[in-house]
Amino acid sequence: MNILILHASPNHDGLTAACAEAAAEGARQAGATVELVCLNDRNVQQCQACERGWGTCLEEHRCQVLDDFQALHERILQAGGLVLVTPVYWGEMSESAKALTDRLRRCEATRREESRLLGKPFIAVAAAGGSGGGMITCLASMERWAQHTGAGVFDLLPVNRWSREYKLDAIRSAAFSMVQKHGTTAK
Ligand SMILES: Cc1cc2nc3c(=O)[nH]c(=O)nc-3n(C[C@H](O)[C@H](O)[C@H](O)COP(=O)(O)O)c2cc1C
């Protein structure tokens, strides 16, 4: 099984990166091949809400804004499982996580039962390093994204500065379990 881990913080050595690394360790321990991508290192612009709100995403299920999104979209479709780790910004996903998930949702949710994310095992992690507030609202929007796209939520994990140590263990275990559970049936 190949697991794609997306992390969405500009900090390469912060809490978000540590969570992504924990997920990678767990997935590797279970025998998966892992690719880690930092969304802030990619050029993924925000959705332009083309024309009167819908562009080619509605009928053709592809985004007409050409940047790194297309390659990431393809890579996500090829992954057997997906982990998205975002820092909590204002109780929401970071801008880089939001830009990617918004555009992905438009392309795949519009396929309805034909969404290519349907049943794809998905772990969401919300890392709140400031006040520690906003983890739940952030995870709620990630869960809603999964409902719209059909991605199969394996787990939703909040982590803050105080829970860091035991939550890193939980993230490692969640990724391990996801690979164990889906490893024989997915790519
Ligand atoms: C614009 C902005 C908004 C933030 N909003 C919150 C918040 O609502 N709750 C919180 O606990 N931390 C908040 N933080 C702090 C980040 O969640 C914290 O820095 C997080 O650990 C980021 O992970 P990093 O270590 O990978 O940067 C915010 C940070 C920024 C830059």
Side-chain angles (χ1 to χ4, degrees), residues 2-30 32-49 65 67-69 71-73 75-76 79 81-106 121-149 151 153-179:
N2 76 86
I3 298 286
L4 180 63
I5 300 176
L6 303 170
H7 105 70
S9 169
N11 296 328
H12 290 103
D13 57 357
L15 181 60
T16 310
C19 294
E21 195 45 54
E25 283 168 18
R28 284 193 197 105
Q29 278 164 12
T33 56
V34 171
E35 186 183 357
L36 245 158
V37 172
C38 177
L39 294 177
N40 291 63
D41 293 343
R42 305 293 168 103
N43 173 27
V44 178
Q45 297 167 42
Q46 70 172 34
C47 170
Q48 304 293 306
V65 179
D67 54 21
D68 290 341
F69 173 79
L72 274 169
H73 187 180
R75 180 64 193 88
I76 288 163
L82 195 61
V83 180
L84 175 59
V85 188
T86 180
V88 175
Y89 285 177
W90 311 112
E92 296 172 17
M93 282 182 257
S94 71
E95 288 80 358
S96 62
K98 188 78 170 69
L100 178 81
T101 53
D102 278 349
R103 290 169 66 186
L104 201 50
R105 171 162 49 192
R106 282 171 168 265
F122 173 61
I123 292 173
V125 180
S131 64
M135 296 180 291
I136 300 306
T137 46
C138 181
L139 287 176
S141 79
M142 296 167 93
E143 182 184 47
R144 202 160 44 247
W145 175 85
Q147 286 164 350
H148 289 147
T149 58
V153 173
F154 189 82
D155 208 348
L156 304 167
L157 292 151
V159 52
N160 62 27
R161 287 185 285 142
W162 311 284
S163 65
R164 175 183 174 127
E165 286 316 312
Y166 65 89
K167 287 293 177 64
L168 289 180
D169 288 343
I171 293 164
R172 212 173 281 117
S173 297
F176 183 92
S177 298
M178 184 171 81
V179 173

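Both ligands and their constituent atoms are indexed starting at 1 by order of listing. Residue numbers run from 1 in the order of the sequence given.
- Taking a cutoff of 4.0 Å between a charged side-chain nitrogen and a carboxylate oxygen, R28 and E21 qualify as a salt bridge.
- Interatomic distance, L100 CG to L84 CG, rounded to the nearest 0.5 Å: 7.5 Å.
- Residue pairs meeting the side chain to side chain donor-acceptor pair (under 3.5 Å) criterion with at least one member in residues 155-164, sequence neighbours excluded: N160-S163.
- The residues D68 and R75 are annotated as not salt-bridged, no charged nitrogen and carboxylate oxygen being separated by less than 4.0 angstrom.
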V179 and I3: CA distance, side-chain angles, deciding distance, side chain to side chain contact (heavy atoms under 4.5 Å, CB included) verdict = CA-CA 8 Å; V179 173; I3 298 286; 3.8 Å; yes
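- Defined by atom type and a distance below 3.5 Å, a donor-acceptor pair is missing between the side-chain atoms of H12 and N40.
- For ligand 1, the 4.0 Å heavy-atom shell contains residues S9, N11, G14, L15, T16, P87, V88, Y89, W90, G91, A127, A128, G129, G130, S131, G132, G133.
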